[in-house]
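Indexing begins at 1, ligand by ligand and atom by atom, following the structure's order. Small disclaimer: the values here were computed from a predicted structure and weren't measured.
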Amino acid sequence: MPRPINATISLDALRHNLSVVRRHAPRASVFAVIKANAYGHGAMRAAHALVSAEGYALLELDAAVRLREAGYRQRIALLEGAFEPRDLVVAAEHGLAIAIHSQEQIRMLDSAPSGARFDVLLKINTGMNRLGIMPAEFGSVLGRLHGHPRVAQLTLMAHFATADDAHGVAWQMECLERLAAGSGLQRCLANSAAILRYPEAHADWVRPGVMLYGCSPFADVPAETLGLEPVMTLASELITVRELRPGDRIGYGGTFEATRPMRIGVVACGYADGYPRHAPTGTPIVVGGCRTRTLGRVSMDMLCADLSEIPAAQVGTPVTLWGQGLSADEVAAAAGTVSYELLCALAPRVPVIEV
Ligand SMILES: *Cc1c(COP(=O)(O)O)cnc(C)c1O
């Protein structure tokens, strides 16, 4: 028998979550963000389920090429554009849209093969200070790209740093509107948080990521409240059940000590499967349909769960690590991270079941 762990990916949930994007941003076209192997869900699988999206956005060139080769005709955008001149040759060959976020990339474009013409997303730094050309350079850059022999189409792109918290998007929107006013260019701005919270930021194209996968971009709003459905469910089973006496400890470092007689279960799931090693004692976990807590340190291939209140649990009892019945957001919060990181970390050794 194979090791009892798997990740179920629900294509219906993906489609449902896209419909939530549509409900919030009915007039915008959608770039479904499928970077990082669709946040661990499988880029091809996600693209297939989200085929009604007007475009896909990612940053891995090889995955973008595979989408084209699979026959997808939508706009496919490389969110970080070219990393080296050769990338432009491949992008041109496959009709990929490219972000341009720096002067170096403009120089690459200048020396791209003649005949190549790109769909360009011009990324502006409106305050996140990661990628993007500075507002002060915007006029001259626009001058260079307008009518550039290698540019077929130009869209403005910006990214929000605080759409998920109280700082909001207004401070970045002001900068953008000032620059974009009168340019007549289409704009592509909103991530999941801005889609859900700031209609004024929807513009022409939106870029939902995490919400498509059924997780909340907000620390204080559960995905369920947003009408989102979990796409990935990471499940396993108990492979051992044992009784502890007061004073017995669990796992590496013996960080959890029983203070009374208790029953625990060992779950076939560890950090080599993508479960966060930093999840402390008390992280929520579902065993046999009952919510309980993890105990002690997560190890590479196993973790332990408290069965004190689940007398029916035995070897073979199903366990949900996250997904249907236990939000990845909650597990992530307990581990001091965000669901994005959990989903992306799903390890290749975990078999995937598509439903
Ligand atoms: C990842 C990413 C997104 C999607 O963000 P979510 O918070 O997952 O919706 C949108 N735009 C850019 C540029 C990104 O890198």
Contact atoms of ligand 1, heavy-atom distance to [X] under 4.0 Å:
| X | result |
| --- | --- |
| K35 | 1 (C), 2 (C), 3 (C), 14 (C), 15 (O) |
| Y39 | 1 (C), 4 (C), 5 (O), 6 (P), 8 (O) |
| G209 | 4 (C), 6 (P), 8 (O), 9 (O) |

Electrostatic pair D273:R3 at N-O distance under 4.0 angstrom: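 Here D273 pairs with R3 in a salt bridge, since their nearest N and O are under 4.0 Å apart.
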Nearest option to atom 5 (O) of ligand 1, as decided by whichever heavy atom of L59, N191, V33 sits closest: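 Selected option, by shortest heavy-atom distance: N191.
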Heteroatom proximity flag, R130 to ligand 1, N/O under 3.5 Å: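 There is no such contact.
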Geometric N/O contact K123 with ligand 1, under 3.5 angstrom: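 Checking ligand 1 against K123, no N or O pair falls under 3.5 Å apart.
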Looking only at protein heavy atoms, which one is nearest to [atom], and how far off is it?
| atom | result |
| --- | --- |
| atom 12 (C) of ligand 1 | H159 CE1, 3.4 Å |
| atom 9 (O) of ligand 1 | S192 OG, 2.5 Å |
| atom 7 (O) of ligand 1 | Y340 OH, 2.7 Å |

Between H159 and R207, a side-chain donor and acceptor under 3.5 Å: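 Yes - a donor-acceptor pair under 3.5 Å links their side chains.
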Distance in Å, Q105 CD paired with L88 CG, rounded so as to fall on 0.5 Å steps: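 Going from the CD atom of Q105 to the CG atom of L88 covers 8.0 Å.
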Point-to-point distance, once rounded to the nearest 0.5 Å, from OG of S192 to CG of N17: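 Output value for this atom pair is 9.5 Å.
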D110/R150 under salt bridge (charged side-chain N to carboxylate O under 4.0 Å, His left out): CA gap, chis, key distance, verdict: CA-CA 7 Å; D110 290 341; R150 306 280 170 274; over 6 Å; no
4.0 Å heavy-atom contact, F31 with ligand 1: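 It does not; every heavy atom stays at 4.0 Å or beyond.
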Which segment of R207 sits under 4.0 Å of ligand 1 when only heavy atoms are counted: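 The part of R207 near ligand 1 is both the backbone and the side chain.
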Ligand 1-proximal atoms of M211, by part, heavy-atom distance under 4.0 Å: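 The answer is neither; M211 stays 4.0 Å or more away.
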Residue E224 excluded, over 12 heavy atoms near CD under 6.0 Å: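 Atom CD in E224 is not packed in, count stays at 12 or less.
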Residues K35, E80; criterion salt bridge (charged side-chain N to carboxylate O under 4.0 Å, His left out); working and verdict: CA-CA 11 Å; K35 63 185 176 187; E80 294 185 1; over 6 Å; no
Shared hydrophobic cluster, L346 / V33 (ILVMFWY, side-chain heavy atoms < 4.5 Å):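 Yes, same cluster.
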